[in-house]
Amino acid sequence: MQSIAVTSDPLRLETLVGLVSGSGGLGAIATFVGLVRDHNQGRRVTHLEYEAYEPLAVKVLEQIRGEAGTEWPGVRLAVHHRVGRLAIGDASIIIAAASAHRADAFAACRYVIERVKQIVPIWKHEFFEGGEVWIEGATANPQDDAARLEAVRRTCA
Amino acid sequence: MQSIAVTSDPLRLETLVGLVSGSGGLGAIATFVGLVRDHNQGRRVTHLEYEAYEPLAVKVLEQIRGEAGTEWPGVRLAVHHRVGRLAIGDASIIIAAASAHRADAFAACRYVIERVKQIVPIWKHEFFEGGEVWIEGATANPQDDAARLEAVRRTCA
Amino acid sequence: MRITVRLFARLRDIAGLAELTRELPDGSTAADAWRELVEQFPAMAAYNASISTAVNADYAKMTTMLSDNDEVAFLPPVSGG
Amino acid sequence: MRITVRLFARLRDIAGLAELTRELPDGSTAADAWRELVEQFPAMAAYNASISTAVNADYAKMTTMLSDNDEVAFLPPVSGG
């Protein structure tokens, strides 16, 4: 399994952890799992559909991993994002970050999810009781340094 | 399985995640896995032995979960700490924190590992090439509010 | 020249199509392709200020000049994670 | 009164024992039990400033008065995680 993937298969945390493990120098693994919630802004969500511009999404995830590698050298990262129809409680994204020390693992993991929400070309189609809506978050601009620095700030690094 | 445990059995990340899952309102799970490293302060580590004052360790972990629940209401937490002989790469602690939103899950997870290192009566006996040493970190004082606030600060909350 | 336009999320819903082809004059930019699209689908005008674009699966500026057989994607604000 | 003393980590190594019993005068505190321990095992004096104590498996102050059958634990600086 690739350490970066956009896939319609169910995501498995053990897979992501396995992808960053395997060196005796690692002392910490931080992971993040994003789950489909049953409500959003007062709407009762029935399910989601995620759509991706897949070749670009994979490239941008690679870019984000590169940014994290510059910020926290030596951190090992894996990211899988799911697409297609997801039920309540399904994992939409899993991130694993392994490092010698915990501060870098936590920071890199948090950084990746913040950046994913900023610039990865993936969209969430929410189906709720009584309708559906495309969720629209950030205008994707991978060159926007203010956004990147905001993601760094949120890691508390 | 209890959501708080001190055990000589190998730790399983899936178990911890399962312990905090199960509500459709959860949107984020953050986890932390502490691993035995093959080196420490220039020493080549061969293995570790963890010792606990178990009944107190379990109580203090409950206290920490309570503190996190006050700081981040609604967060679901599970913590397992391993004791006995551990090989390089083994997990010594796993923490899982689930919440509606990612900021609380990350913060609560980070808070727990910081507090564990401050006040849980567990000791690491390091065996390295050429000797052994008991690692001694913080003087445990669960009433020390400055330490607690330092742990909060590190979560970036 | 002939280009392929890829549409995602609500833009795809508005057009009722994920992909369409366009004949454009030489020297056209991604912005020109977008303007023509908005003429055909006026509801897309709501995205004038928030759209991103990619040319051949790399993020690009709206001022990027297009070439024959390019794939131009228009991306509404993203919501992954 | 008779108390049980529990020792951990390097304190246990110094004493060569995880547990021992002590007869102490009524009114003795955890600090008194510690002082007596240091008399027997002078190497433990290095921990005078860094020791924590627990009485009956709850953290306690060194000034805590002990009762018959209490379990007093002396805890060097911790290193879990």
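In the text below, chain A, chain B and the rest are named by the order of the sequence lines, each starting its count at 1.
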Report which part of [X] has an atom under 4.5 Å of a heavy atom belonging to chain C: side chain, backbone, both, or neither.
X: Ile135(A); result: both
X: Lys59(A); result: side chain
X: Ala52(A); result: backbone
X: Gln118(A); result: backbone
X: Tyr53(A); result: both
X: Val112(A); result: neither
X: Trp134(A); result: side chain

Check: Taking Asp70(C) for the side chain and Ser67(C) for the main chain, is one N or O donor matched with an acceptor at less than 3.5 Å?
Finding: yes
Next item on the list: Apply the side chain to side chain contact (heavy atoms under 4.5 Å, CB included) test between Leu7(C) and each candidate in Ile14(C), Leu20(C), Asp13(C); give the one that qualifies.
Entry: Leu20(C)
Checklist line | Positive for side chain to side chain contact (heavy atoms under 4.5 Å, CB included) with Ile88(A), one of Thr46(A), Val36(A), Leu48(A) | finding: Val36(A)
Checklist line | Heavy-atom contact with chain A under 4.5 Å, split by part of Ala54(C) | finding: side chain
Next item on the list: Specify which of Gly81(C), Ala49(C), Ala73(C), Ser52(C) makes the most heavy-atom pairs with chain A at under 4.5 Å.
Entry: Gly81(C)
Next item on the list: Return yes when atom CE of Met65(C) has more than 12 non-hydrogen atoms of other residues, nucleotides or ligands closer than 6.0 Å, and no otherwise.
Entry: no
Notebook entry, point to check: Does Glu62(A) CD have over 12 foreign heavy atoms under 6.0 Å away?
Noted result: yes
Margin query: For the CZ atom of Phe127(A) and the NE2 atom of His47(A), what is their distance to the nearest 0.5 Å?
Written below: 4.5 Å
Margin query: Between Glu49(A), Arg82(A), Lys124(A), His125(A), who has the most heavy-atom pairs with chain C when the cutoff is under 4.5 Å?
Written below: Lys124(A)
Checklist line | Side-chain donor-acceptor pair present, Glu136(A), Tyr47(C), cut-off under 3.5 Å | finding: yes
